[in-house]
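Input: a single structure, listed below in structure tokens.
Keep in mind that what you see is a predicted model, and the values were worked out from it rather than measured.
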Amino acid sequence: MATFSQSTVPKSSDSVTDFCCSPCLEHKIDQWAEFYCDSCMKCYCGKCFNLHGQLFGNHVMYGRGDTSKWPVAKEVENFLQKCDLHEDNSVEMYCNDHSQLCCITCVFHNHRQCVNVTLISELVKGPTPDLQQLSRKLQTILETLKKLENNWNCNMQSLPASYTKQLHEIRQTRQKINAILDEMEKTTINELDERMTSLKASIKTDVDNCNKIMIKLKQLGDVIHDIVDKGKAELTFIASKKCLEKIKQSETYLKKNTVLVESSLTFQADINVLHYLTGLSGLGKVIFSTKVLSVLGDPDQVFKVQGKSEYDVSLPSDTEKSFNISAICVLSDDQILVADFDNKQVKLLNHQYQVVGHCDLTGYPLDMCHIASGEVAVAVDDDKTHEVQFVLVNDGRLVKGRKLQFEHGCYGIAHDGTNLYLTTGTALFKHSLTADLFSKVYEDTSGRMTVSNCAVSPLGDKIFVTSPGKSRLLTLARAGKVLHTFRDPDLHGRGGIHVTAQGQVLVCGFYSDTVLQLDGDGKKKLATLATRKDGLDRPWSVFYNRRTESIIVGQYDSKILVYKV
């Protein structure tokens with residue numbers, strides 16, 4: 001029998017089951033087979049094929065060009081014949097009543113009452129199914145599922161940012177409530193202070209009045225003591241009358257104050273406030289919301305511009321008063337990062353497009369791509385610097401992370417979830433995120449700026465490369481093969497490219513002052529979304545924010561424009 005290498009079907013790999021040379025395997029050598037002998041039913045490498053030909057010149061041999069005549073690998077056969085419900089059994093029958101493949105155990109437990117259970121060996125006598133058509137349908141479904149998986153991953157990445165944002169809102173609410181309670185406390189204490197002041201003043205008045213009467217009485221007592229037995233009739237009469245008057249006043253005063261009153265202050269809490277707060281279970285409600293983003297939509301669906309706004313993203317501290325926005329990236333929590341070319345900075349914008357943070361770079365930022373939740377990679381390049389600077393958003397601040405340095409230029413950058421793609425002006429390289437593995441994907445040395453900016457399709461199966469020196473856009477396969485070439489005079493001059501999550505392709509026409517939308521394959525122009533009449537002035541970068549449904553355009557020496565679509 002033909003000898004095969006391990007099957008990759010059960011592992012759901014993209015690779016194809018292949019065959020090893022049978023004689024080499026007998027000597028424990030894993031050698032790729034190039035021929036299959038139908039007479040021997042064995043596979044041979046080139047060296048063994050020559051020896052086999054000398055011994056069996058009349059045997060029928062098939063090379064790699066006739067792999068359809070090679071046998072099916074045993075692992076593939078086992079994979080197909082294994083029962084999905086009972087892995088130790090092979091499927092031998094087919095139940096037409098339930099449209100199910102069955103093994104002996106399946107028939108015994110689930111299909112004993114079925115009328116149309118037939119041996120597979122009997123059914124194969126009919127027309128052969130069109131496996132090519134089924135394979136195409138499988139591929140279409142796989143692509144759709146991949147888009148769905150990408151959406152779940154994006155959603156998963158956005159959840160921590162959403163949590164942090166809402167946690168901030170909760171704490172802000174708590175601070176507002178604290179401020180209200182502080183004001184209520186201040187008002188109540190002020191009332192307590194006023195009552196205290198008033199009460200002290202009242203008691204002091206009572207003390208002063210009592211003291212005045214005591215002083216008058218004491219004075220009269222002293223006078224009477226001095227005139228007693230002095231024989232002064234007139235003075236005695238006057239003193240007696242004054243004594244009687246003061247005694248009368250004192251008795252009246254004592255009669256009014258017969259009960260000793262002790263004054264004090266008491267706070268009585270507002271029971272309504274306490275009941276209301278006690279009845280609350282929290283500061284508010286956490287609401288689960290969803291928004292339909294049409295992840296499985298048409299990549300050729302054309303955007304329609306409905307309005308425009310413009311924003312100044314300069315800072316008073318900018319050393320260069322002109323700011324050329326060479327790249328834009330929107331994170332999963334709607335925070336916006338822009339690359340300021342002249343000031344060698346990455347700036348963080350809030351939802352109102354106001355600059356709320358920035359970090360300095362060692363060279364000119366030419367492009368930027370999203371890596372993970374809260375992290376981007378910036379292509380930085382000048383005469384002495386060729387590097388990728390990773391930048392993280394940490395609690396509303398931009399923090400520089402690790403840095404990768406290269407021998408080649410770093411003009412454009414893209415990320416497919418695993419690898420980095422970097423352009424040099426004439427070539428496209430693929431690097432691992434650690435820069436220890438790389439390969440040249442595509443190269444065009446026929447002119448200047450033949451490979452400028454790049455972007456990757458949502459499925460990672462296509463790479464779009466701008467070639468402003470030749471006014472064209474290339475669509476490459478993952479391995480570098482040119483699938484399509486789109487030419488348009490509007491693509492003259494370096495401009496950014498962006499592929500949306502649905503696969504829509506947006507490209508800037510720098511010198512033509514246009515933003516174009518191409519079809520999902522990069523083969524034809526679907527629309528001119530904006531022109532000079534719409535306020536464009538040498539657009540350099542573009543990005544579609546799917547949550548706000550707007551296209552953000554960075555320009556040369558001008559404000560950023562936001563088009564509602």
Side-chain angles (χ1 to χ4, degrees), residues 1-83 87-92 94 101 103 119-139 142 419 427-430 432 437-444 460-463 476-483:
M1 291 293 293
T3 308
F4 40 81
S5 63
Q6 63 175 9
S7 172
T8 55
V9 174
K11 299 178 181 177
S12 301
S13 172
D14 292 335
S15 58
V16 180
T17 301
D18 217 322
F19 294 85
C20 292
C21 175
S22 304
C24 289
L25 268 186
E26 293 175 2
H27 293 84
K28 298 183 179 180
I29 300 174
D30 191 3
Q31 183 65 39
W32 194 47
E34 296 181 9
F35 298 93
Y36 169 69
C37 178
D38 194 35
S39 303
C40 299
M41 300 181 67
K42 291 185 178 181
C43 294
Y44 298 93
C45 63
K47 184 177 180 180
C48 293
F49 168 73
N50 293 331
L51 295 175
H52 176 273
Q54 295 175 13
L55 296 173
F56 308 101
N58 60 339
H59 282 195
V60 179
M61 304 290 288
Y62 298 106
R64 286 281 170 176
D66 294 315
T67 51
S68 61
K69 297 178 181 178
W70 289 37
V72 176
K74 188 63 177 176
E75 278 87 347
V76 175
E77 193 173 332
N78 291 340
F79 172 76
L80 291 174
Q81 290 181 341
K82 183 172 63 177
C83 178
E87 295 187 356
D88 293 336
N89 296 346
S90 297
V91 293
E92 300 176 11
Y94 183 78
L101 292 167
C103 68
L119 288 170
I120 294 176
S121 58
E122 295 295 326
L123 292 174
V124 296
K125 296 177 182 178
T128 304
D130 188 351
L131 290 181
Q132 293 294 337
Q133 183 180 0
L134 292 174
S135 178
R136 287 191 293 270
K137 287 184 178 180
L138 283 176
Q139 188 61 34
L142 281 172
N419 301 296
L428 173 69
F429 284 89
K430 181 172 72 174
S432 65
L437 297 173
F438 76 97
S439 61
K440 184 184 292 183
V441 178
Y442 175 80
E443 186 174 30
D444 182 355
D461 57 338
K462 294 187 289 287
I463 308 164
L476 308 179
R478 192 178 303 171
K481 179 183 177 182
V482 178
L483 301 177

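Note: F49 and F35 have parallel aromatic rings, judged against thresholds of 30 and 60 degrees for the angle between ring planes. Ring orientation note: the planes of F56 and H59 are close to parallel, at an angle under 30° on the 30°/60° scale. Using a 30° and 60° split on the angle between ring planes, Y44 and H52 fall in the tilted class, from 30° to 60°.
Atom OH of Y62 sits in a crowded spot, with more than 12 heavy atoms from other residues, nucleotides or ligands closer than 6.0 Å. Within 6.0 Å of the CD atom in E26, the count of heavy atoms belonging to other residues, nucleotides or ligands exceeds 12.
Judged purely by atom type and a 3.5 angstrom limit, R478 has no side-chain atom pairing as donor or acceptor with the backbone of I463. Of the possible donor and acceptor atoms, one in the side chain of W70 sits under 3.5 Å from a partner among the backbone N and O of G63.
Annotation for L25 and D30: closest pair CD2-CA, 4.4 Å, computed over non-hydrogen atoms. Nearest heavy atoms, C21 versus C45: SG-N, 3.3 Å. What you find for Y94 and L101 is that their closest heavy atoms are CD1-CD2, 3.7 Å. Closest heavy-atom contact between C48 and P23: SG-CB, 4.0 Å. N419 approaches K430 most closely through the heavy-atom pair CB-CG, 3.7 Å.
Every residue two or more places apart in sequence or in another chain that forms a side chain to side chain contact (heavy atoms under 4.5 Å, CB included) with Q54 is listed here: L51.
To the nearest 0.5 Å, atoms CG (N58) and OG (S39) are separated by 7.0 Å.
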Given the rule in the side-chain contact (heavy atoms from CB on, under 4.5 Å) test, do L483 and L476 qualify, once you have shown the distances and angles that lead to the verdict?
-> CA-CA 5 Å; L483 301 177; L476 308 179; over 6 Å; no
After noting the C-alpha distance and the side-chain angles of Y36 and K42, does the key distance pass the side-chain contact (heavy atoms from CB on, under 4.5 Å) rule?
-> CA-CA 6 Å; Y36 169 69; K42 291 185 178 181; 5.9 Å; no
